[in-house]
Amino acid sequence: MPELPEVETVRRGLQPVMEGARIVRVEQRRADLRFVFPADFASRLEGRQIISLGRRAKYLIADLDDGMVLVSHLGMSGSFRIEADGEGTLRPGAFHHERSKDDKHDHVVLHVEGPAGKARVIYNDPRRFGYMDLMARAALVEHAWFRSLGVEPTGNSLNATGLAGQLAGKKSPLKAALLDQRIIAGLGNIYVCEAMWRAKLSPLKPAGGLVTSTGRPRKQLELLTQAIRDVIDEAIAAGGSSLRDHIRTDGTLGYFQHGFSVYDREGKACPRPGCGDTVRRIVQSGRSTFYCPRCQKH
DNA sequence: CTGCGAACCTGTTAGC
DNA sequence: TGCTAACAGGTTCGCA
């Protein structure tokens with residue numbers, strides 16, 4: 001489900017309920033997700049106040065009032081939903097107010113009380129590729145999950161000159177390089193396909209081919225950089241994408257999927273005016289790549 | 001170091 | 001309708 005825009009959408013949905021709230025009770029319903037939960041996970045969270053809710057790449061990071069951070073990754077199928085607890089003061093309309101049926105994949109329930117009222121923040125994850133951990137804020141940047149992450153594809157962090165340094169000499173296909181979280185942190189299969197289509201670049205092209213012999217970004221790399229920014233910004237503005245089940249914290253579906261140009265469109269017409277070719281699906285590093293063989297140049 | 005396949009786990013969908 | 005196979009947003013590990 002979640003690439004950076006989806007995780008950012010989740011963060012924005014959770015923020016009003018979690019920031020400034022106290023975690024009064026935690027239900028941890030199994031010993032592990034992808035990894036075993038840290039020792040005393042629930043009891044170490046109980047009683048803590050959440051100072052702020054942030055994001056790095058595809059990780060959500062909740063800063064707690066004791067200097068620890070709750071880190072969570074949604075994997076492929078993780079989602080959070082919010083349910084108002086009792087006659088809470090949560091803004092009407094924004095969240096689920098009915099207690100939904102208990103799902104067998106509801107693995108963690110945070111009971112919170114804060115400025116927005118009382119709520120349950122429920123982590124659901126059928127495939128359990130997601131994970132959570134608790135660590136000292138001061139240790140976060142040196143943690144294995146974070147220390148080698150590349151730049152965020154948002155704001156000013158991503159630029160063609162910096163990317164050129166990362167891609168220079170790389171023989172791996174562009175598709176693989178863009179999925180590498182050590183180069184750009186937060187891109188996933190959908191937005192990589194979309195960005196390459198926008199930049200008219202073949203996913204098979206060697207990544208190093210976008211860099212000159214003196215290490216400068218070629219024009220193609222400038223265009224790709226802008227395409228990545230645009231795709232990510234638009235997806236965030238649209239509230240995250242969905243193939244089938246990306247549920248936002250308010251229970252609605254992301255709708256960027258209506259805007260996909262190539263992703264999951266095998267056999268359909270390339271949407272570029274005048275192209276007339278058909279979107280193709282190939283497998284690279286075990287994952288589907290969708291592209292237009294006519295307008296994405298090698 | 002690089003690239004690639006497999007693994008993790010469950011659910012949905014396409015095809016017969 | 002029912003069964004099976006393929007495939008799914010991510011990350012990590014092991015092997016060549």
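The 5' end of DNA chain C is approached more closely, in terms of each residue's nearest nucleotide, by A/F290 than by the other of A/F35 and A/F290. Along DNA chain C, the nucleotide nearest to A/G286 and the one nearest to A/K58 differ in position, and the one closer to the 5' end is contacted by A/G286.
For the C1' atoms, the distance from B/dA6 to C/dA6 is 16 Å, rounded to whole Å. Separating the P atom of B/dA14 from that of C/dG9 is a span of 15 Å, rounded to the nearest Å. Comparing the C1' positions of C/dT11 and B/dT12 gives an interatomic distance of 22 Å, to the nearest angstrom. As rounded to the nearest Å, B/dG5 and C/dC7 have P atoms that lie 14 Å from one another.
Residue A/K104 places no side-chain N or O under 4.0 Å from the OP1 or OP2 atom of B/dT10. Within the 4.0 Å cut-off from OP1 or OP2 of C/dG9, at least one side-chain nitrogen or oxygen of A/Y263 is found. A/S77 has no side-chain polar atom (N or O) that falls below the 4.0 Å cut-off from OP1 or OP2 of C/dA8. In this structure, A/W145 reaches the C/dT12 phosphate: one of its side-chain N or O atoms is under 4.0 Å from OP1 or OP2. Residue A/R34 has no polar side-chain atom (N or O) positioned under 4.0 Å from OP1 or OP2 of B/dC9. For the pair A/S172 and B/dG3, the criterion of a side-chain N or O lying under 4.0 Å from OP1 or OP2 is met. In this structure, A/Q284 does not reach the B/dC4 phosphate: none of its side-chain N or O atoms is under 4.0 Å from OP1 or OP2. Between A/H73 and C/dG10, a side-chain N or O to OP1/OP2 separation shorter than 4.0 Å is absent. A sub-4.0 Å separation between OP1 or OP2 of B/dC9 and a side-chain N or O of A/H105 is absent.
Going from atom CG of A/N124 over to atom C1' of B/dG11 covers 12 Å, rounded to whole Å. A/D180 places its CG atom 11 Å from the C1' atom of B/dG3, with the value rounded to the nearest Å. Atom CD1 in A/I282 sits about 20 Å away from atom P in C/dA6, given to the nearest Å. A/R128 has its CZ atom 16 Å from the C1' atom of C/dG10, to the nearest Å. Taking atom CG on A/L74 and atom C1' on C/dA8, their separation rounds to 15 Å, with Å as the unit. For the pair A/E3 CD and C/dT11 P, the interatomic distance rounds to 9 Å; values are reported in whole Å. B/dT2 atom P lies 11 Å from atom CD of A/Q166, rounded to whole Å. Put simply, CZ on A/F129 is 12 Å from P on C/dT11, counting in whole angstrom units.
The side chain of A/K170 approaches B/dG3 more closely than any other nucleotide in the set C/dC7, B/dG3, B/dG11. Distances from the side chain of A/R281 to the nucleotides B/dC4, B/dC9, C/dC7 place C/dC7 closest. Between B/dG3, C/dG10, B/dC9, one nucleotide has an atom nearer to the side chain of A/R287 than all others, and that is C/dG10.
Qualifying side chain to side chain contact (heavy atoms under 4.5 Å, CB included) partners for A/A139, counting only residues two or more places apart in sequence or in other chains: A/A136.
Remark: A/R265 fails to qualify as a cation-pi partner of A/W197 under the 6.0 Å distance and 45° angle criteria applied to the six-membered ring.
Side-chain atoms of A/H107 come within 3.5 Å of backbone N or O of A/D125 as a donor-acceptor pair. Without hydrogens or angle criteria, A/E266 side chain to A/F290 main chain gives no donor-acceptor distance under 3.5 Å.
With no hydrogens or angles considered, a side-chain donor-acceptor pair links A/Q284 and A/T289 at under 3.5 Å. Of the N and O atoms on the side chains of A/R182 and A/S148, not one donor lies less than 3.5 Å from an acceptor on the other residue. A donor-acceptor contact closer than 3.5 angstrom links the side chains of A/Y59 and A/Y131.
Aromatic ring pairs are classed by plane angle as parallel below 30°, tilted from 30° to 60° and perpendicular above 60°; the pair A/F146 and A/H143 is perpendicular.
If you take SG on A/C270 and CZ on A/R280, they are separated by 11.5 Å, rounding to the nearest 0.5 Å.
In DNA chain B, runs of at least 3 stacked Watson-Crick or G-U pairs (N1-N3 plus N6-O4 or O6-N4, or N1-O2 plus O6-N3, all under 3.5 Å) give these stems: B:2-8 with C:10-16, B:10-16 with C:2-8.
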